[in-house]
Undergrad: 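If you scroll down you'll find the structure; I have some questions about it.
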2 protein chains.
Amino acid sequence: MSKDRPYSALVHRLKTAGLRPTRQRLALAKLLFESPGGDDRHITAEQLHAEALGESVRVSLATVYNSLHQFTEAGLLREVVVEPGRSYFDTNVSDHHHFYFEDSGELQDIPGEHVQMESLPAAPAGTRVARVDVIIRLSGD
Amino acid sequence: MSKDRPYSALVHRLKTAGLRPTRQRLALAKLLFESPGGDDRHITAEQLHAEALGESVRVSLATVYNSLHQFTEAGLLREVVVEPGRSYFDTNVSDHHHFYFEDSGELQDIPGEHVQMESLPAAPAGTRVARVDVIIRLSGD
DNA sequence: TCAACGAATTAGAATAGTTCTAATGTGTAG
DNA sequence: CTACACATTAGAACTATTCTAATTCGTTGA
């Protein structure tokens, strides 16, 4: 407890997650969580990388991947796979599901109350449910 | 209507789907639908290719991909994406969902009655629901 | 039966997304 | 301030998939 003055919420968030708040991780976290709509973003690694470069944040693609995975492991993000070779990271980690627009490739949260499982089958012996993914795939009318 | 004698169910199935029953497509369809457990197989393109080669069926990987996609479009198969770079083709096209064993990478059908949506949200204007995917991800106890 | 045409197959190159490697740089505990 | 573990990097490598252009095959009609 010494120089904790410019101790932003992001720094705290990273430290709490056991991640050193490096320049790159802070910049990426800022883009992810402090953009408008930051509690409901769906972004790919490439998109985030492009966004960072656009903001003149020097960061390699490898670091973007590393950080996204670390954030995901730490529970700060959630990964949603919609197609082979297209996986999104969602800043909303609460219990909710997704609309996937097959035509545009966009992903959208469904407010949590709207979809509920009527009865989850029991997990087979020796396993536990890590997550339940529900994706409602939409195509043009 | 001339020489329709050795007109196997598979040939019929392909023709009905608008696909010419070529040697390769027939061989792949046979592996997919007439193996033990053929109404509940989960297989990747690479696996099917290997299986075909193992049975001395000469077929290229490109054709395996083509056929799998054509079968899927025709409603004979269903594609299930579980991880970036891992997508399965399911011979069970009825309405049902999946267990995914994260440790082994295996996919397993959940009997249809066991999971039901309590209330599906309405599809946004101008779209229709193409499919609802539910994947229950399991990890070691 | 066979010619001819469109459709299917092929090997291999190309692409996309992601991970790896080994060298360099950085945050932090003491 | 130093030292060391951890993080970052460019670029190569890897995996899954798609594309390309040449070849082969299935079907239709005479």
Side-chain angles (χ1 to χ4, degrees), chain A residues 1-8 10-29 42-50 52-53 57-74 77 79-89 105 107, chain B residues 1-4 6-8 10-12 14-29 42-50 52-53 57-74 77 79-89 105 107:
Chain A
M1 272 186 210
S2 42
K3 45 172 175 171
D4 287 357
R5 227 75 43 58
Y7 202 83
S8 84
L10 281 182
V11 173
H12 180 70
R13 206 156 168 183
L14 291 180
K15 285 202 165 180
T16 301
L19 298 168
R20 296 207 323 208
T22 64
R23 183 172 52 76
Q24 291 87 340
R25 293 210 270 234
L26 276 170
L28 294 175
H42 301 94
I43 197 168
T44 65
E46 295 276 0
Q47 283 167 7
L48 183 57
H49 186 226
L53 297 187
V57 174
R58 278 179 31 271
V59 62
S60 72
L61 186 54
T63 295
V64 172
Y65 275 103
N66 288 340
S67 300
L68 286 173
H69 288 144
Q70 290 152 354
F71 291 0
T72 300
E73 267 181 60
L77 290 176
E79 189 171 5
V80 184
V81 188
V82 289
E83 286 181 17
R86 180 172 238 153
S87 118
Y88 283 101
F89 292 87
L107 198 66
Chain B
M1 279 206 195
S2 45
K3 44 172 178 172
D4 289 355
Y7 202 86
S8 83
L10 281 183
V11 173
H12 181 69
L14 290 180
K15 285 202 165 180
T16 301
L19 297 169
R20 300 215 310 216
T22 63
R23 182 173 52 77
Q24 290 86 343
R25 292 209 272 233
L26 275 170
L28 294 175
H42 301 94
I43 197 169
T44 65
E46 294 277 359
Q47 283 167 6
L48 182 58
H49 187 226
L53 297 187
V57 175
R58 277 178 30 270
V59 62
S60 72
L61 185 55
T63 295
V64 172
Y65 274 103
N66 288 340
S67 302
L68 285 173
H69 287 143
Q70 290 152 355
F71 292 0
T72 301
E73 268 181 59
L77 289 177
E79 189 172 4
V80 185
V81 189
V82 290
E83 285 182 15
R86 179 172 239 151
S87 117
Y88 284 100
F89 292 86
L107 197 65

Undergrad: Using five pairs at either end of the helix from C/dT1-D/dA30 to C/dG30-D/dC1, determine the angle between the two local helix axes and round it to 10 degrees.
TA: 30°
Undergrad: Which letter, B, S or -, goes with each nucleotide of nucleotides 12-25 of chain C from 5' to 3', with contact meaning a protein heavy atom under 4.0 Å?
TA: -----SBBB-----
Undergrad: Closest-nucleotide mapping onto DNA chain C: is B/Leu19 or A/Gln24 further toward the 5' terminus? I mean the 5' end.
TA: B/Leu19
Undergrad: Can you find a side chain N or O atom of B/Thr63 that sits less than 4.0 Å from OP1 or OP2 on C/dT10?
TA: yes
Undergrad: On the nucleotide C/dT26, are OP1 or OP2 found under 4.0 Å from the side-chain N or O atoms that A/Thr22 carries?
TA: no
Undergrad: Could you state the interatomic distance from CG (B/Leu28) to NE2 (B/His49), rounded to the nearest 0.5 Å?
TA: 9.0 Å
Undergrad: Does A/Glu83 have any side-chain hydrogen bond (donor to acceptor under 3.5 Å, both in side chains) partners at least two apart in sequence or in another chain, and if so, which?
TA: A/Tyr100
Undergrad: Apply side-chain hydrogen bond (donor to acceptor under 3.5 Å, both in side chains) to A/Ser87 and list each qualifying residue two or more places apart in sequence or on a separate chain.
TA: A/Glu79
Undergrad: Take the protein atom CD of B/Glu83 and the nucleotide atom P of D/dT17, then report the distance between them rounded to whole Å.
TA: 12 Å
Undergrad: May I have the list of side-chain donor-acceptor pairs in residues 59-67 of chain B shorter than 3.5 Å, sequence neighbours left out?
TA:
unit_1  : atom_1 : unit_2  : atom_2 : d
B/Ser60 : OG     : B/Thr63 : N      : 3.2
B/Ser60 : OG     : B/Thr63 : OG1    : 3.2
B/Asn66 : ND2    : B/Ala62 : O      : 3.4
B/Ser67 : OG     : B/Thr63 : O      : 2.8

Undergrad: Taking atom P of D/dA7 as reference, at what distance in whole Å does atom CZ of A/Phe71 sit?
TA: 11 Å
Undergrad: Check the phosphate of D/dA7 against A/Arg25, side-chain N and O only, distance under 4.0 Å to OP1 or OP2. Yes or no?
TA: yes
Undergrad: My understanding is that only residues two or more places apart in sequence, or in another chain, count here; which of them pass ring-ring contact (aromatic ring centres under 6.0 Å, His included) with B/His42?
TA: B/His98
Undergrad: Test of understanding: with side-chain hydrogen bond (donor to acceptor under 3.5 Å, both in side chains), list the residues that count as partners of A/Gln70, not counting sequence neighbours.
TA: A/Arg25
Undergrad: Between A/Asn66 (CG) and D/dT9 (P), how many Å, whole number?
TA: 10 Å
Undergrad: Tell me: CZ of A/Arg23 to C1' of C/dT28, nearest whole Å?
TA: 17 Å
Undergrad: Please report the interatomic distance CG(B/Leu77) to OG1(B/Thr72), rounded to the nearest 0.5 Å.
TA: 4.5 Å
Undergrad: In this structure, how many angstroms lie between the C1' atom of C/dA8 and the CZ atom of B/Arg58, rounded?
TA: 14 Å
Undergrad: Carefully, step by step, assess B/Tyr88 and B/Arg86 under the rule side chain to side chain contact (heavy atoms under 4.5 Å, CB included).
TA: CA-CA 7 Å; B/Tyr88 284 100; B/Arg86 179 172 239 151; 3.6 Å; yes
Undergrad: In whole angstrom, what separates B/Leu26's CG from D/dT27's C1'?
TA: 15 Å
Undergrad: Measure the spacing between CG of A/Leu48 and CZ of A/Phe89 and express it to the nearest 0.5 Å.
TA: 9.5 Å
Undergrad: Rounded to the nearest angstrom, tell me the gap between atom CD in B/Gln47 and atom P in D/dT15.
TA: 15 Å
